[in-house]
Number of protein chains: 2
Amino acid sequence: MSQQKVVSLDTIRVACRNCTLSSLCLPMGLAPEDVERLDEIVKRTRPLHRGDFLFREGDRFRSIYVVKTGSVKTFAPSAEGGEQVLGFHLPGEIIGLDAIDKDAHNCSAKVLETSAICEIPFARLEELTSSIPSLQHQMYRLLSKEIGQDTDMVLLLGKKNAEERLAAFLLGLSQRLQKRGLSPTDFYLSMSRHEIGNYLGLAVETVSRLFTRFQDDGLMRVDRKHIELLNLPALETLVGGAGPSRRQQQQ
Amino acid sequence: MSQQKVVSLDTIRVACRNCTLSSLCLPMGLAPEDVERLDEIVKRTRPLHRGDFLFREGDRFRSIYVVKTGSVKTFAPSAEGGEQVLGFHLPGEIIGLDAIDKDAHNCSAKVLETSAICEIPFARLEELTSSIPSLQHQMYRLLSKEIGQDTDMVLLLGKKNAEERLAAFLLGLSQRLQKRGLSPTDFYLSMSRHEIGNYLGLAVETVSRLFTRFQDDGLMRVDRKHIELLNLPALETLVGGAGPSRRQQQQ
DNA sequence: AAAAGCATTTGATCCAGATCAAGCGATCGA
DNA sequence: TCGATCGCTTGATCTGGATCAAATGCTTTT
């Protein structure tokens, strides 16, 4: 009986239908019986720890992954042995969709803090989407969303200055945390200044200086990894590129 | 009889099975009978001309589009009334996939030269993909490919200098033209220097100077819109970031 | 064919952010 | 507990590419 209880707890812990992320994740908007079918193919691995890899660039593509708790960064090698951080992934976010095309991963995924991850074998998911139109649509939406996010990133890197980039980063994080029921103004960063800079196309020093500046301007409080956003509207103004902006947009 | 002949010619002109792009486009790798079914939902519009829009940012999403001949640019508004060019699209390339998520277009698509475009109503395509697994897989692949391309762009904008960016642009164009059976070393640009600069996150003046420099270095010949690439290996070296590179990659 | 209007090129100057250089605080292994 | 190492901050300097400024060359209009 005690064993029964353990199994039951385990089931409660893992099942999609009981997961607080179901409104953000793959099952979003699915009928309960379809969630059930999806649930059957999801593999739950034991928690991963800081530095562990979900996959590495070049690995054969087999599964997509969803962050359940914790956070993950993805990055691709750039010329000269450097790397480009491609994203920081929070609970409910899907990783690995870019690998479908070449049937191999183009980037690596590394866990930033102790994290629980759901693994979804893609071949089985694909079978499932053939028979569940709403799940197929959800997959199209998720893939499309990823394209939209990449587009936002291109816009950020192509047109925004350092200040606007960091403001956009902080605000984006804030909004994503809020969607997950966490505080949009008080949180801890799981990535280093170095990784933030790499992600935003900035040097570490620039990121550090901007944190200091934003703090001096009363926009936020920074203590090591602990961030408090004190003035979201002002940050939004910065991102918009309004304010006493300097650079003229081209074309 | 002459009417019969016209219809017949028209069919030959448009049907996917007779289209020289079928190996690059949606029908890639499909069974002939499935191409037939796909063919039924494709709408062929009359040729569009320079400056015409396929769709505008904010438009309700109804269809995806495939360039049949000619070329198209996509762009999104950036802050301050400027715009970010997101891509230049050649025959066989699909436009509009980023709109599935929000059910509205996030960018505008404008024809750069007289072009023939195939329109594919997405709702009908989605029905079709439910019953044709290989077409569903193809859709996943195409969406994933788009993510990969955006990632390449992020890497370009985040880590490459002006020289590397332009070399990557020229080489990318060269390779895409070659896949379409055109010369990889001799072609005409359908976009302006301004648009190239905008796309690459560079000022027009920088693009112009680089064209001059590349020409002086014997890498290419430039005459207005006419480009001849004289030394592809050297361009590849430039892109790799090797050579007597200056900037150290961060992290 | 003249005029207007762009697109492109070229030169001069400027500046945001990179790079170089310390110094400092926090975490960690022995 | 003590170095050692790493991540972060701060200051000084440098530079790639933006911006400003013109001249020139195509294209299109009338």
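Reminder, nothing fancy here: chain letters follow the sequence lines and each chain counts from 1.
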### Query
Quick check: does any side chain N or O of Asn161(A) sit under 3.5 Å from a backbone N or O of Glu164(A), one acting as donor and the other as acceptor?
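Here the side-chain-to-backbone pair exists.
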### Query
Taking NZ, NE, NH1 and NH2 as the nitrogens, is one of them in Arg213(B) or Glu163(B) under 4.0 Å from a carboxylate oxygen of the other?
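Salt bridge present between Arg213(B) and Glu163(B).
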### Salt-bridge contact Lys73(B)-Glu83(B) (side-chain N to carboxylate O under 4.0 Å)
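Salt bridge: yes.
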Please report the distance, rounded to the nearest Å, between [atom1] in [X] and [atom2] in [N].
| X | N | atom1 | atom2 | answer |
| --- | --- | --- | --- | --- |
| Leu157(A) | dA18(C) | CG | P | 12 Å |
| Leu210(A) | dC8(D) | CG | C1' | 14 Å |
| Lys159(B) | dT19(C) | NZ | C1' | 15 Å |
| Tyr188(A) | dG7(D) | OH | P | 20 Å |
| Asn198(A) | dG7(D) | CG | C1' | 15 Å |
| Leu202(B) | dG16(D) | CG | C1' | 11 Å |
| Lys160(A) | dA18(D) | NZ | P | 17 Å |
| Ile196(A) | dC8(D) | CD1 | C1' | 11 Å |

Can you tell me if the side-chain N/O atoms of [X] get under 4.0 Å from OP1 or OP2 in [N]?
| X | N | value |
| --- | --- | --- |
| Thr206(B) | dA18(D) | yes |
| Lys225(A) | dA26(C) | no |
| Ser208(B) | dT10(C) | no |

### Query
Among dT10(D), dT9(C), dG17(D), which nucleotide sits nearest the side chain of Thr212(B)?
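Taking heavy atoms from C-beta onward, the closest nucleotide is dT9(C).
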### Message
So if I take every side-chain heavy atom of Ser192(A) and compare against dC8(D), dT8(C), dA18(D), which nucleotide ends up nearest?
### Response
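So the nucleotide nearest the side chain must be dC8(D).
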### Task
Tell me which of Arg224(A) and Arg209(A) sits closer to the 5' end of DNA chain D, going by the nucleotide each one is nearest to.
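Between the two, 5'-proximity favours Arg224(A).
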### Ile227(A) CD1 to Thr185(A) OG1 distance, which is reported to the nearest 0.5 Å
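Output value for this atom pair is 11.5 Å.
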### Task
Taking the six-membered ring for Trp and the full ring for Phe, Tyr or His, determine whether the centres of Phe55(A) and Phe61(A) are under 6.0 Å apart.
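No.
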